[in-house]
Structures are given as C-alpha cells and as structure tokens.
Asker: 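To start, I am sharing the structure in question, which I have written as structure tokens.
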Protein chains: 2
Amino acid sequence: MNNDKSRQTLLGIVGFGAFGQLAAAHLGEYFEISAYDPSPGLAKTAQQLGVTLSSLHSVSQADVILIAAPVSSFEEVVSEIAVACNPGALIVDVGSVKVIPSEIMRRLLPNHMDIVATHPLFGPQSAGPGIEGLKVAVCPIQGRRHMRLAAFLRKALGLTVIMTTPDDHDQEAAVVQGLTHLIAKVLLRMGPLPTRMTTKSFDLLSEAISMVQHDAPEVFEAIEKANPYAETVRRRFFDLAASLSIELEAASTTKPHNESGH
Amino acid sequence: MNNDKSRQTLLGIVGFGAFGQLAAAHLGEYFEISAYDPSPGLAKTAQQLGVTLSSLHSVSQADVILIAAPVSSFEEVVSEIAVACNPGALIVDVGSVKVIPSEIMRRLLPNHMDIVATHPLFGPQSAGPGIEGLKVAVCPIQGRRHMRLAAFLRKALGLTVIMTTPDDHDQEAAVVQGLTHLIAKVLLRMGPLPTRMTTKSFDLLSEAISMVQHDAPEVFEAIEKANPYAETVRRRFFDLAASLSIELEAASTTKPHNESGH
C-alpha cells in the first residue's frame with residue numbers, strides 16, 4: 001500500500017474547511033492528499049481522513065491543487081500558489097461564484113498551468129450519504145486538462161458534469177443560490193417555523209431552508225457580493241415582493257362581497 | 001352491491017371542484033355520494049366517481065354534508081343548507097381557514113346539527129398516489145360527533161389527525177400557508193426558474209412552488225384574506241425582506257477589502 005501511495009498523484013487542498021474535508025473524504029482513494037488551512041484544531045480531522053497538514057508553500061507543490069478557500073482570501077492564496085507551484089500543475093477551484101475567481105486565477109497564475117474553475121452544486125449538507133448523481137459545473141479557463149477532469153468527475157465520482165462558462169454560471173447561480181439564501185435569511189428571521197400543522201409544500205420549503213442555514217457566512221457573502229449578477233436578482237425579488245405587498249393591502253381594503261350584487 | 005349501497009350512509013358534497021372530487025374518490029367506498037356544484041361540465045367526472053349530481057337542496061338532505069365550496073360563497077351555501085338539512089345531520093367543512101367559516105356555521109346552522117370544521121393539509125397536488133399519513137386539522141364546533149369523525153379519518157383513511165381550535169389553526173396556517181403562497185407568487189413572477197445548474201435546496205424550493213402554483217385562485221384568496229392572522233404574517237415577511245434588502249445594499253457599498261490592512 002505504501003508503495004502504491006508513493007506513486008499516486010499528489011493532491012494539495014488549500015482551505016481545509018467543510019468543503020475541503022468533504023473533498024478529502026471522497027478523493028482519498030485516488031490521491032495522496034496534503035492540505036493547508038490557517039485555522040487551528042484540524043489535526044484530528046486530517047488524521048482521520050488520511051490527510052497530511054502542511055504549509056501553503058508545500059501544498060502548492062502538488063500535481064493537482066484544489067482551492068477551497070473563502071472568496072475573501074482567494075486572491076492572496078492564488079498569489080502564493082503562483083510563486084510555489086510546479087510547471088504543469090493543474091489548479092482547480094470550487095467556489096460558489098466563477099467570474100471573479102476565474103479572472104484572478106488567469107491573471108495571477110503562470111501560463112504553463114492548467115486552470116479549471118468548478119462549482120460543485122452541493123455541500124456537506126446535501127452530499128449526505130453519497131455524492132453520486134449530484135451536479136458540478138465545470139468551466140475550462142486555461143489549458144486542456146478540463147476534459148480529463150470532467151471524465152474523472154463523471155466516471156470516478158459519479159457526478160453529473162455541466163460544462164459552462166464563468167459568466168453563464170454566475171447568471172444562473174445568481175437565481176439558484178441567490179434566491180434560496182435570500183428566502184432562507186428572511187424565513188429564519190421570522191423565528192421558529194411551525195412543524196405541526198404543516199403542508200407538504202411547507203415541509204419542502206423548511207427542508208430547503210435547513211439545508212442552507214448552516215452554510216458558512218462566507219458562502220452567503222460570496223453568493224450575494226462576489227456574484228456580479230446577484231444584485232439584479234435580489235433587487236428584482238425585493239421589488240416583486242414589495243409590489244405584491246401593495247396589491248394585497250389594496251385588495252384587503254375592498255372586500256369582495258361589497259361588489260357582489262346577489 | 002345495490003342492496004348494500006341502499007343501506008349506506010348518504011354523503012352530500014357541496015362544491016364539486018378539485019377538492020370535492022378528491023374527497024369523492026377516497027370516500028366512495030364508505031358512502032353513497034351525491035354532489036352539488038353550480039359549474040357545468042361535471043357530469044362525466046361525477047359518473048366516473050360514482051357520484052350523483054343533484055340540487056343543493058337535495059344534497060343538503062344527506063346524513064353527512066361536506067362543504068368544499070370557496071370561501072366567497074361559503075355563507076350563502078351554509079344559509080341554504082340550514083333550511084334544507086335533516087335534524088341530526090353532521091356537517092363538515094374543509095376550507096383552508098377556520099375562524100370565519102366556523103363562526104358562520106355556528107351562527108346559521110340549527111342547534112341540533114353536529115358541526116366539525118376541518119382542514120385537510122393537502123390537496124390534489126400533494127395527495128398524489130394516496131393520502132395515507134397526510135395531515136388533517138379537526139376543530140369540534142358543535143355536538144360530539146367529532147370523535148367518531150376523527151376515528152374514521154384515522155382508521156379508515158389513515159390520516160394523521162390534529163385536534164385543534166379554529167383560532168390556533170388560523171394562527172399556524174397563516175405562517176404555513178401564508179408564507180408558502182407568498183413566496184410562490186413572488187418566484188413565479190420572476191419568470192421561468194433555472195432547472196440546469198440547480199442545488200438540492202433550490203430543487204426543493206421549486207418543488208414546493210410547483211405544488212401550490214396550480215391551486216385555485218380561491219385558495220390564495222382564502223389564505224390571504226379570510227385568515228385573520230394572514231396580514232400580520234405577510235407584513236412581517238415583507239418588512240424583514242425590506243430590511244434585509246437595505247442591509248445588503250449598504251454592505252455592498254463598503255467592500256470588505258477596503259478595510260483589510262495587509
């Protein structure tokens with residue numbers, strides 16, 4: 001086994017939070033994994049997942065580098081990887097937005113690296129027992145290894161691969177993730193939701209909310225602030241809510257039975 | 001079979017729309033059913049369900065009368081039933097709100113009738129292949145036959161019975177149904193929702209919306225206008241949405257990296 005391990009491709013995970021750990025759990029049988037994270041207290045988790053914790057410089061020398069760091073530190077992390085990485089390395093990010101991170105990677109990383117921007121449309125909450133059949137968006141940015149990566153995601157991990165561009169991704173994600181998180185935020189502020197006299201559709205709504213309510217604050221930040229289309233979608237949602245509110249208040253002052261002649 | 005039928009309890013369904021038909025489909029083996037509806041074109045459906053279409057007066061003479069008429073015509077319908085019904089009949093309504101209809105039934109119907117206000121927390125969309133395990137709220141209004149009715153709903157139909165009062169029901173339903181329908185209305189106005197790059201939580205949200213989007217307009221009217229608690233819940237939802245909107249716009253003018261010193 002040790003001999004096999006030594007011949008395995010090295011995977012460096014930059015950012016060993018909830019998603020970095022999920023990735024390690026599913027990729028451990030295909031790669032020898034090292035990970036970097038500035039947070040303390042990750043030694044036990046790393047050990048359980050067979051991951052070696054190391055410096056950012058060292059992790060950046062892997063064959064494949066997976067960036068699972070928050071948007072707020074993304075540019076800084078990519079700058080450091082750019083200095084340390086080996087020629088021919090493949091770099092893959094997994095953030096919830098794609099336009100800004102892709103532009104940063106293209107600008108800061110050497111030309112000889114392959115760059116693929118991805119967005120696994122799931123997290124620790126939705127992955128549950130397994131990830132087979134779940135979706136991942138894949139955007140080729142530089143080089144040609146997106147083909148091999150897509151094949152690996154499909155065949156080895158059983159994911160449904162959606163090939164797209166950062167711009168198309170962010171437009172659609174602004175609606176998909178933007179709306180889910182906005183609605184979840186509003187409903188969570190309404191206080192504990194009923195669980196007794198509930199309908200099927202309300203149960204589905206509650207389940208949707210419970211899946212995103214434990215997401216790291218960085219995810220909400222990324223979705224609402226780092227997606228160039230998020231503000232338009234959000235404004236549209238709030239404007240439509242406001243006009244529906246006005247309609248309903250207007251309607252409630254003219255009771256229908258005042259108009260009925262019989 | 002005809003002999004058995006002639007000894008069966010007579011059930012009169014007032015309002016043979018989507019819910020009246022669903023009720024007939026599930027109650028046909030326990031009752032001999034007649035139904036009244038002012039809309040034309042129901043003969044074929046009635047025949048398929050083994051239901052005799054008849055006048056409101058005639059239907060009101062059944063042993064058990066099920067009112068599945070819209071809130072807008074509820075008072076008128078109850079007035080006519082009050083005149084025609086037999087002593088000792090059991091009257092049951094199935095609307096989405098309970099305070100106002102209960103008050104109308106108590107006020108207009110004779111003292112010798114048993115009255116039970118119910119709200120099956122499902123409809124043709126959520127009933128799907130079967131109703132077993134689905135929920136129904138039951139409010140005793142007059143007489144004692146709510147016990148036998150609850151036992152029937154539990155044992156014969158396999159429903160989960162929630163015994164409650166019209167006031168408690170409307171408070172909880174204002175949140176459960178009010179929010180589901182409000183969110184559905186806003187999202188439907190946003191246009192066709194994405195189906196490709198979707199997350200699990202967005203899929204649940206879409207499913208919740210699709211379950212209520214085909215509800216009759218009367219259902220939305222009842223939920224938003226005939227529930228005394230709906231306006232408070234709605235205002236709270238819109239106020240929280242507006243304040244979240246203000247927070248997000250304020251936050252987006254102060255980008256986080258302006259404050260980071262390194």
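Computed from heavy atoms alone, side chains included, the values below leave out hydrogens, waters and symmetry copies.
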Asker: As an exercise, state the distance from CD of B:Glu207 to OG of A:Ser201, rounded to the nearest 0.5 Å.
Answerer: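 Here the interatomic distance stands at 9.5 Å.
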Asker: Could you report the tightest heavy-atom contact between B:Arg235 and A:Glu249, atom names first, then the distance?
Answerer: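 That closest heavy-atom pairing would be NH2-OE1, 3.2 Å.
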Asker: Under 6.0 Å from the CE atom of B:Met147, do we count more than 12 heavy atoms belonging to anything else shown?
Answerer: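 Atom CE in B:Met147 is not packed in, count stays at 12 or less.
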Asker: Under a 4.5 Å heavy-atom cut-off, does chain A meet the side chain of B:Leu187, its backbone, both or neither?
Answerer: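 Interface part for B:Leu187: side chain.
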Asker: How many angstroms lie between atom CG of A:Leu244 and atom CD of B:Glu224, to the nearest 0.5 angstrom?
Answerer: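 That separation rounds to 7.5 Å.
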Asker: Between A:Ile162, A:Ile209, A:Val233, who has the most heavy-atom pairs with chain B when the cutoff is under 4.5 Å?
Answerer: A:Ile162
Asker: With a 4.5 angstrom heavy-atom cut-off, is it the side chain or the backbone of A:Val136 that approaches chain B, or both, or neither?
Answerer: neither
Asker: For B:Arg196, which atoms come within 4.5 Å of any heavy atom of chain A: side chain, backbone, both, or neither?
Answerer: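 Contact with chain A is through both the backbone and side chain of B:Arg196.
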Asker: Where on B:Ser96 is there a heavy atom nearer than 4.5 Å to chain A: the side chain, the backbone, both, or neither?
Answerer: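 No part of B:Ser96 comes within 4.5 Å of chain A.
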Asker: Identify which part of A:Leu205 has an atom lying under 4.5 Å from any heavy atom of chain B, answering side chain, backbone, both or neither.
Answerer: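 Both parts, heavy atoms under 4.5 Å.
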Asker: Checking A:Lys185 against B:Leu240 for the side-chain contact (heavy atoms from CB on, under 4.5 Å) test, could you report, in this order, the C-alpha distance in whole Å, the side-chain angles of both residues, the deciding distance, and whether it holds?
Answerer: CA-CA 9 Å; A:Lys185 284 267 169 203; B:Leu240 288 171; over 6 Å; no
Asker: Could you look at A:Glu75 and say if it's the side chain, the backbone, both or neither that has a heavy atom under 4.5 Å from chain B?
Answerer: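 The answer is neither part of A:Glu75.
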Asker: Given that the side chain runs from C-beta out, which part of A:Phe237 has a heavy atom under 4.5 Å from chain B: side chain, backbone, both or neither?
Answerer: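 Its backbone and side chain both get close to chain B.
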Asker: Among A:His169, A:Met197, A:Met211, which has the most heavy-atom pairs under 4.5 Å with chain B?
Answerer: A:Met197
Asker: Given a strict heavy-atom distance threshold of 4.5 Å, which part of A:Val212 is in contact with chain B: side chain, backbone, both, or neither?
Answerer: side chain
Asker: Need one label for A:Glu172: side chain, backbone, both or neither, based on atoms under 4.5 Å from any heavy atom in chain B.
Answerer: both
Asker: Can you say whether A:Ala137 sits under 4.5 Å from chain B via the side chain, the backbone, both, or neither, judging by heavy atoms?
Answerer: side chain
Asker: If you look at every heavy atom in A:Phe202 and B:Thr180, which pair is closest and at what distance?
Answerer: CD1-OG1, 3.5 Å
Asker: Nearest 0.5 Å please: distance from the CG atom of B:Leu248 over to the CZ atom of A:Phe238.
Answerer: 6.0 Å
Asker: Highest number of heavy-atom pairs under 4.5 Å with chain A: which of B:Leu121, B:Thr199, B:Val176, B:Thr160?
Answerer: B:Val176
Asker: Closer than 3.5 angstrom, by distance alone: can the side chain of A:Lys135 be matched with the main-chain N or O of B:Lys200 as a donor-acceptor pair?
Answerer: no
Asker: So which residue, B:Pro194, B:Ser210, B:Ala184, ends up with the most heavy-atom pairs under 4.5 Å with chain A?
Answerer: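 Of B:Pro194, B:Ser210, B:Ala184, B:Pro194 has the most heavy-atom pairs under 4.5 Å with chain A.
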Asker: Can you tell which part of A:His119 gets under 4.5 Å to a heavy atom of chain B, answering side chain, backbone, both or neither?
Answerer: neither
Asker: Using a strict cut-off of less than 4.0 Å between a Lys/Arg side-chain nitrogen and an Asp/Glu carboxylate oxygen, indicate whether A:Glu247 and B:Arg189 qualify as a salt bridge.
Answerer: yes
